[in-house]
Participant: 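My questions will all concern the structure given below.
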Amino acid sequence: MAATKALASFARFVVCGGGVTLLASGVLLLVGDRVPLAAANAVVTMASTALATELHGRFTFGRGGASWSDHCASGLTVLVSYLFTTGALLGYQAVHPGGSALLGQAVYLTASGLAGIGRFLLLRLVV
């Protein structure tokens, strides 16, 4: 029973977080040529984290709206995610300067997915 609940919670986490990540990815694609990558990713990460935390509080973990402590805890876990996704994007740009936006999005989404799995485990088991 506990494993089924955890799996259902993870599925909701993927749907909510994945949807927000796709939205964030689109925003990065739109502003990527006008704003330095690290700054754009920082703003997008903060906004998408606030939205995702609210969705996770309501739907993933079924506790209702997220409290300030939930947002703070989520913010700490997302700092690692931000560093991971920014590092992946900067690494991609270093290896493939002028590379395609589509491949850059694939790098971002892959890094975000891996970071999301880590965040889920931290939020579920620790927070």
Side-chain angles (χ1 to χ4, degrees):
M1 182 64 133
T4 303
K5 286 179 105 175
L7 189 57
S9 181
F10 182 71
R12 291 189 301 270
F13 185 86
V14 169
V15 169
C16 291
V20 171
T21 299
L22 286 174
L23 178 64
S25 175
V27 171
L28 279 178
L29 187 60
L30 291 174
V31 300
D33 294 339
R34 295 182 279 282
V35 179
L37 175 68
N41 194 28
V43 171
V44 167
T45 297
M46 287 187 291
S48 64
T49 297
L51 175 60
T53 300
E54 193 64 32
L55 291 172
H56 291 318
R58 292 176 187 270
F59 302 111
T60 301
F61 301 116
R63 294 183 318 219
S67 67
W68 282 107
S69 64
D70 293 333
H71 282 286
C72 289
S74 182
L76 291 174
T77 66
V78 88
L79 175 61
V80 174
S81 297
Y82 164 76
L83 294 172
F84 187 68
T85 58
T86 300
L89 287 169
L90 291 174
Y92 166 70
Q93 286 182 344
V95 173
H96 295 289
S100 77
L102 185 61
L103 189 53
Q105 290 300 296
V107 169
Y108 174 78
L109 291 172
T110 300
S112 293
L114 292 172
I117 291 169
R119 286 188 68 228
F120 174 78
L121 292 172
L122 281 171
L123 292 171
R124 174 123 173 115
L125 300 173
V126 178
V127 179

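Computed from a predicted model, the values in this text were never measured in an experiment.
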Participant: Show the atom names and distances, to 0.1 Å, of all donor-acceptor pairs under 3.5 Å that link a side chain in residues 110-117 to residues at least two apart or in another chain.
Facilitator:
{"unit_1": "Thr110", "atom_1": "OG1", "unit_2": "Ala106", "atom_2": "O", "d": "2.8"}
{"unit_1": "Ser112", "atom_1": "OG", "unit_2": "Tyr108", "atom_2": "O", "d": "2.9"}

Participant: Quick check on the hydrophobic clustering: are Leu89 and Leu22 connected, directly or via other members, by side-chain heavy-atom contacts under 4.5 Å?
Facilitator: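 Same hydrophobic cluster.
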Participant: Group every Ile, Leu, Val, Met, Phe, Trp and Tyr by side-chain heavy-atom contacts under 4.5 Å, then state whether Val27 and Leu90 land in the same group.
Facilitator: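 In one cluster with Val27: Leu90, yes.
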Participant: Are Leu28 and Phe84 co-members of a hydrophobic cluster defined by side-chain heavy atoms under 4.5 Å apart?
Facilitator: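 Each belongs to a different hydrophobic cluster.
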Participant: For Ala101 versus Leu29, what's the shortest heavy-atom pair and its separation?
Facilitator: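 Heavy atoms of Ala101 and Leu29 come nearest at CB-CD1, 3.6 Å.
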Participant: Would you call the rings of His96 and Tyr92 parallel, tilted or perpendicular, where under 30° means parallel and over 60° means perpendicular?
Facilitator: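 It falls in the tilted class, 30° to 60°.
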Participant: So, taking the atom named CZ in Arg58 and the one named OG1 in Thr53, what distance separates them when rounded to the nearest 0.5 Å?
Facilitator: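 The OG1 atom of Thr53 is 12.0 Å from CZ of Arg58, to the nearest 0.5 Å.
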Participant: Identify the two heavy atoms, one from Leu55 and one from Val20, that lie closest to each other, and give their separation to 0.1 Å.
Facilitator: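 The pair with the smallest heavy-atom distance is CD1-CG2, 3.7 Å.
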Participant: Under a single-linkage definition using a 4.5 Å side-chain heavy-atom cutoff for Ile, Leu, Val, Met, Phe, Trp and Tyr, are Leu109 and Leu37 assigned to the same hydrophobic cluster?
Facilitator: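 Same hydrophobic cluster.
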Participant: Name all residues meeting the side chain to side chain donor-acceptor pair (under 3.5 Å) criterion together with Thr45; count only those two or more places apart in sequence or in a different chain, and write none if there are none.
Facilitator: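 Thr45 satisfies side chain to side chain donor-acceptor pair (under 3.5 Å) with Asn41 only.
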Participant: Please tell me whether Leu51 and Met46 are part of a single hydrophobic cluster in this structure, the criterion being side-chain heavy atoms less than 4.5 Å apart.
Facilitator: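 Different hydrophobic clusters.
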